[in-house]
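The structure appears below as structure tokens.
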Amino acid sequence: MSFKVVASAPGKVILTGEHFVVHGEPSLVMAIDKRAYVEAVTEERKVRIEAPDLNLYWEEGLDLPKPLAPLKLILERLLEEAAKPVGLRIKVRSELPPSSGLGSSAAIAVAATASVSKALGIELTEDEIFELALEAEKIVHLNPSGVDPLISTVGGVIAYRRGEGYVAVEAAVQPIVVVGFTGSRKPTGVMVRKVERLRKAHPEVMAPLFHAGGHLTIEAAEALRIGDLKRLGELLDINHGLLSALGVSTRKLDKLIYLARRAGALGAKLTGAGGGGCMIALCSNEVTADRVARAIERGGGQPLKVKLDNQGVRLEK
Ligand code: MEV
């Protein structure tokens, strides 16, 4: 008999603290209402991975496309644990553009862990889903902080510090965020290595920047908790300045950020690893958000209005 299970997990925007979080500083992250879906079907024999949106396919015996390596690891681990002679087919569908800073690969890894474990009759806790997705992420990102698979697992808004865990942040108001996609992509690992090199080359100069980057997140979490969006916006602007100093912004990101600010955003910054990918703009209301979205579009970016999603990983009906 074959079983079919579909699970989904949300993508994210990092409000503050990307890159700093890799080096032990806190980060403020929000799950968004754009998800990755993974369908898992138990079959007679073969193990297969289909990701038609990404134009990727793999089955046992074929060369493995590198972006599918994390999924293969998840399948192998869970098949080993199930210890049943069964094959599996998984199919990935994602609303998140890959390598753009919105946590697409982590959301896919989390949704895959949830759907495959369920299809094989393995009960995993949220912690275990997160751990396996993080292990899988390490294949492509080398030194991930863990923030991406964590937010995809738990949802909502969280303040996270590597090695210490997270606290959920209850936002007093629903933040209105417009994402602007530059259209270009950079693997997270490449950008993380770039920052690491700069940090090692200039330790005395970089240390206060990292301290400021961490402290800024603590203040941003408090601003969101009490609903002071103006203060949060200012902190996003400062955060972008620090990220520029780390060398991860680009001319296109800066252009979209300045256009968003001029159109009335309370604050704007790059989000995720940078080097391309996405920026975010915090807006006080829907009218401003529409104006900001139009400004991003006129500037050659692809705007996307996102909302907070309080649900993390879930099984779909
Ligand atoms: C990626 O979404 C954010 C980075 O801080 C990398 C990480 O935390 O693993 C750049």
Side-chain angles (χ1 to χ4, degrees), residues 9-32 34-36 67 70 94 96-110 130-131 133-155 157-166 177 179-182 184-199 206 209-210 212-214 216-217 220-221 236 239-240 242-250 253 269-280 304 306 309 312:
K12 60 90 187 38
V13 289
I14 296 193
L15 295 173
T16 61
E18 52 273 272
H19 286 291
F20 301 106
V21 69
V22 174
H23 303 279
E25 299 294 343
S27 173
L28 184 65
V29 199
M30 174 174 116
I32 59 173
K34 300 281 171 259
R35 293 186 158 251
S94 178
L96 301 150
S99 298
S100 66
L102 300 184
S104 157
S105 64
I108 291 171
V110 167
F130 161 68
E131 289 294 342
L134 176 59
E135 192 187 336
E137 282 270 283
K138 282 185 181 154
I139 301 182
V140 279
H141 288 172
L142 306 174
N143 186 21
S145 66
V147 70
D148 288 12
L150 181 61
I151 190 68
S152 287
T153 306
V154 301
V157 181
I158 61 168
Y160 167 75
R161 194 195 286 268
R162 191 174 195 168
E164 279 184 19
Y166 74 97
V177 175
V179 172
F181 180 38
T182 57
S184 70
R185 308 159 197 274
K186 259 287 162 53
T188 301
V190 172
M191 301 312 291
V192 167
R193 272 199 297 279
K194 187 174 173 189
V195 172
E196 178 62 1
R197 193 204 65 74
L198 209 61
R199 205 174 73 100
M206 285 293 163
L209 294 186
F210 275 74
L216 182 152
T217 283
L236 297 194
N239 195 170
H240 184 68
L242 293 176
L243 288 165
S244 292
L246 298 191
V248 296
S249 194
T250 63
L253 279 166
K269 63 182 274 290
L270 73 84
T271 191
C278 291
M279 48 74 68
I280 50 168
L304 182 70
V306 295
D309 192 337

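Each ligand, and each atom within it, is numbered from 1 in the order the structure gives.
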* Asked: So, for Ala31 and Pro10, which heavy atoms are closest and what is the spacing to 0.1 Å?
  ->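 So the two residues come closest at CB-CG, 4.0 Å.
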* Asked: If you take all heavy atoms of Ala36 and Leu96, which pair is closest and at what distance?
  ->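 Closest pair (atom of Ala36, atom of Leu96, distance): N-CD1, 4.2 Å.
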* **Salt bridge Glu196-Arg199, side-chain N to carboxylate O under 4.0 Å** =>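 Yes, this pair counts.
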Using a 3.5 Å distance criterion without hydrogens, assess whether the side chain of [X] forms a donor-acceptor pair with backbone atoms of [Y].
| X | Y | result |
| --- | --- | --- |
| Arg185 | Pro98 | yes |
| Asn239 | Gly17 | yes |
| Ser99 | Pro187 | no |

Using a strict cut-off of 4.0 Å, indicate which atoms of ligand 1 neighbour a heavy atom of [X].
| X | answer |
| --- | --- |
| Val147 | 8 (O) |
| Ala273 | 10 (C) |
| Val22 | 5 (O), 6 (C), 7 (C), 8 (O) |
| Ile14 | 2 (O), 3 (C) |
| Lys12 | 2 (O) |
| Pro144 | 9 (O) |
| Glu18 | 5 (O) |
| Val21 | 5 (O), 8 (O) |

Are any of the N or O atoms of [X] closer than 3.5 Å to those of ligand 1?
| X | answer |
| --- | --- |
| Thr188 | no |
| Ser145 | yes |
| Asp148 | yes |

* Asked: At a 4.0 Å cut-off, with the gap strictly under it, does some heavy atom of His141 reach an atom of ligand 1?
  ->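 Distance cut 4.0 Å: His141 fails for ligand 1.
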* Using distance alone, with no hydrogens and no angle criterion, decide if Thr217 and Ser27 have a side-chain donor and acceptor under 3.5 Å apart. =>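 Side chains of Thr217 and Ser27: no pair found under 3.5 Å.
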* What part of Met191, side chain from CB on, backbone N/CA/C/O, both or neither, has a heavy atom under 4.0 Å from ligand 1? ->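 Under 4.0 Å from ligand 1, Met191 contributes no heavy atoms.
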* To do: Answer yes or no: are there more than 12 heavy-atom neighbours, outside Tyr166 itself, under 6.0 Å from its atom OH?
  =>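 At most 12 heavy atoms, drawn from other residues, nucleotides or ligands, come within 6.0 Å of this atom.
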* Using a 4.5 Å cut-off on heavy atoms from C-beta on, say whether the side chain of Leu242 contacts that of Phe20. =>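 SC-SC contact between Phe20 and Leu242 confirmed.
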* Considering only protein heavy atoms, which is closest to atom 5 (O) of ligand 1, and at what distance to one decimal place? ->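 Here the closest protein heavy atom is His19 N, 2.9 Å.
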